[in-house]
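All of these numbers come straight from a predicted model, not from anything done at the bench.
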Amino acid sequence: HALTRTITIVRGLFKWAVDTGLIDEAPRWGKAFVKPSAAEVRRSRAERERENGKKIFTAEQVRTLIDAAELPMKAAILLGVNGGLGNTDCAALPIAAVDLHEAVINFERPKTAVHRIVPLWPETVAALKGVLAMERPTPATVVAARLVFRTESGLPLVRQIVKKDKDNDTRV
């Protein structure tokens, strides 16, 4: 995966340089600068798992994490296990998307905009009720006020800083 990522970044960098007119044409990559095939990636993953074991939590380990965690972390762990929500999914979860009466979350993933409906377990509902009922920091922004999770200073957990460069182009 590191090789694939590096090749993608380098190719993207040169494509950007051509598109912006910094260079006339991209280099000729040759056969040595090709992304690994899907079969090679699978073989590499299988070899790594044989050597180090799979990187998964056992049910016992997950229960230990849930039992040790306090709100709101407990709710985030349960969302991950119950609905497959990742860090950014939890950070961007709007209160309006959570229907605790129907025990469901209905929203688009922030990263891919794929719509999903997640039925919630009773323990996940209880944890989310606890998060929303607890005394939470005053929202620092309008966006933070709409979110289930926020920092101790009232900001969204994940923030993107948008700036204008010298050509007045937006960059994140």
Side-chain angles (χ1 to χ4, degrees), residues 1-69 72-94 97-98 103-121 123-125 127-128 131 143 147-151 155-163 165 167 169-172:
H1 291 287
L3 178 61
T4 299
R5 183 177 55 245
T6 302
I7 289 171
T8 301
I9 289 169
V10 170
R11 285 180 179 256
L13 180 86
F14 277 100
K15 181 184 180 322
W16 173 82
V18 170
D19 290 348
T20 58
L22 293 174
I23 60 176
D24 293 330
E25 62 182 64
R28 290 189 220 159
W29 306 111
K31 294 182 181 180
F33 203 68
V34 177
K35 293 180 190 178
S37 69
E40 290 171 315
V41 170
R42 285 191 302 271
R43 274 190 222 104
S44 173
R45 181 182 302 124
E47 182 180 331
R48 192 172 53 253
E49 287 176 358
R50 278 191 301 276
E51 290 176 6
N52 305 315
K54 289 190 175 195
K55 290 186 177 183
I56 59 172
F57 289 106
T58 65
E60 182 181 331
Q61 290 171 324
V62 172
R63 285 186 194 101
T64 301
L65 287 171
I66 292 168
D67 291 342
M73 183 57 73
K74 182 176 189 169
I77 294 169
L78 283 164
L79 286 169
V81 176
N82 178 180
L85 276 71
N87 299 342
T88 306
D89 297 329
C90 288
L93 181 63
V98 180
V104 70
I105 291 176
N106 186 346
F107 85 121
E108 292 180 352
R109 285 197 68 206
K111 181 177 176 180
T112 62
V114 171
H115 185 81
R116 70 173 161 189
I117 298 173
V118 179
L120 299 175
W121 299 333
E123 53 266 53
T124 308
V125 171
L128 287 169
V131 168
V143 172
L147 300 175
V148 173
F149 301 101
R150 50 184 175 244
T151 67
L155 292 166
L157 293 174
V158 175
R159 298 176 296 281
Q160 291 185 343
I161 299 170
V162 178
K163 296 182 178 181
D165 64 14
D167 297 325
D169 292 330
T170 303
R171 61 186 180 99
V172 178

Which atom names give the shortest non-hydrogen contact between [X] and [Y], and what distance separates them?
{"X": "Val18", "Y": "Ala26", "value": "CG2-N, 3.4 Å"}
{"X": "Arg116", "Y": "Gly84", "value": "NH1-O, 3.9 Å"}
{"X": "Thr4", "Y": "Pro36", "value": "OG1-CD, 3.2 Å"}
{"X": "Cys90", "Y": "Ala76", "value": "SG-O, 4.0 Å"}
{"X": "Ala75", "Y": "Val131", "value": "CB-CG2, 3.7 Å"}
{"X": "Pro94", "Y": "Phe107", "value": "CD-CD1, 4.1 Å"}

Do [X] and [Y] have side-chain heavy atoms sitting under 4.5 Å apart?
{"X": "Thr88", "Y": "Leu157", "result": "no"}
{"X": "Leu22", "Y": "Trp16", "result": "yes"}
{"X": "Thr124", "Y": "Val118", "result": "no"}
{"X": "Leu93", "Y": "Asp89", "result": "no"}
{"X": "Ile77", "Y": "Phe57", "result": "no"}
{"X": "Arg109", "Y": "Leu85", "result": "no"}

Above 12 or not: heavy atoms from other molecules or residues under 6.0 Å from [atom1] of [X]?
{"X": "Gln61", "atom1": "CD", "result": "yes"}
{"X": "Arg48", "atom1": "CZ", "result": "yes"}
{"X": "Glu60", "atom1": "CD", "result": "no"}

Considering residues at least two apart in sequence or located in another chain, which fulfil the side-chain hydrogen bond (donor to acceptor under 3.5 Å, both in side chains) criterion with [X]?
{"X": "Asn87", "result": "none"}
{"X": "Glu40", "result": "Ser37"}
{"X": "Asp19", "result": "Lys15"}
{"X": "Thr20", "result": "none"}

Only one of Val62, Ile66, Leu65 passes side chain to side chain contact (heavy atoms under 4.5 Å, CB included) with Leu78, and that residue is Ile66
In this structure, NZ of Lys74 is separated from CG of Asp67 (nearest 0.5 Å) by 6.5 Å
When rounded to the nearest 0.5 Å, the distance separating CZ of Arg42 from CZ of Arg45 is 8.5 Å
>> If you apply the rule side chain to side chain contact (heavy atoms under 4.5 Å, CB included), what do you find for Asn106 with His115, and how did you get there?
In response: CA-CA 8 Å; Asn106 186 346; His115 185 81; 2.7 Å; yes
Residue set satisfying salt bridge (charged side-chain N to carboxylate O under 4.0 Å, His left out) with Arg11, at least two apart, ordered chain then number -> none
Ring pair (Phe, Tyr, Trp, His ring centres under 6.0 Å) pairs touching residues 24-51, sequence neighbours excluded, are Phe14-Trp29, Trp29-Phe33
Measure from the side-chain N and O atoms of Asn82 to the backbone N and O of Pro119, and report whether any donor-acceptor pair falls under 3.5 Å.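 Judged by distance alone, yes, a pair lies under 3.5 Å.
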request  = Evaluate the criterion side chain to side chain contact (heavy atoms under 4.5 Å, CB included) for residue pair Leu155 and Val143; output intermediate values, then yes/no.
outcome  = CA-CA 8 Å; Leu155 292 166; Val143 172; over 6 Å; no
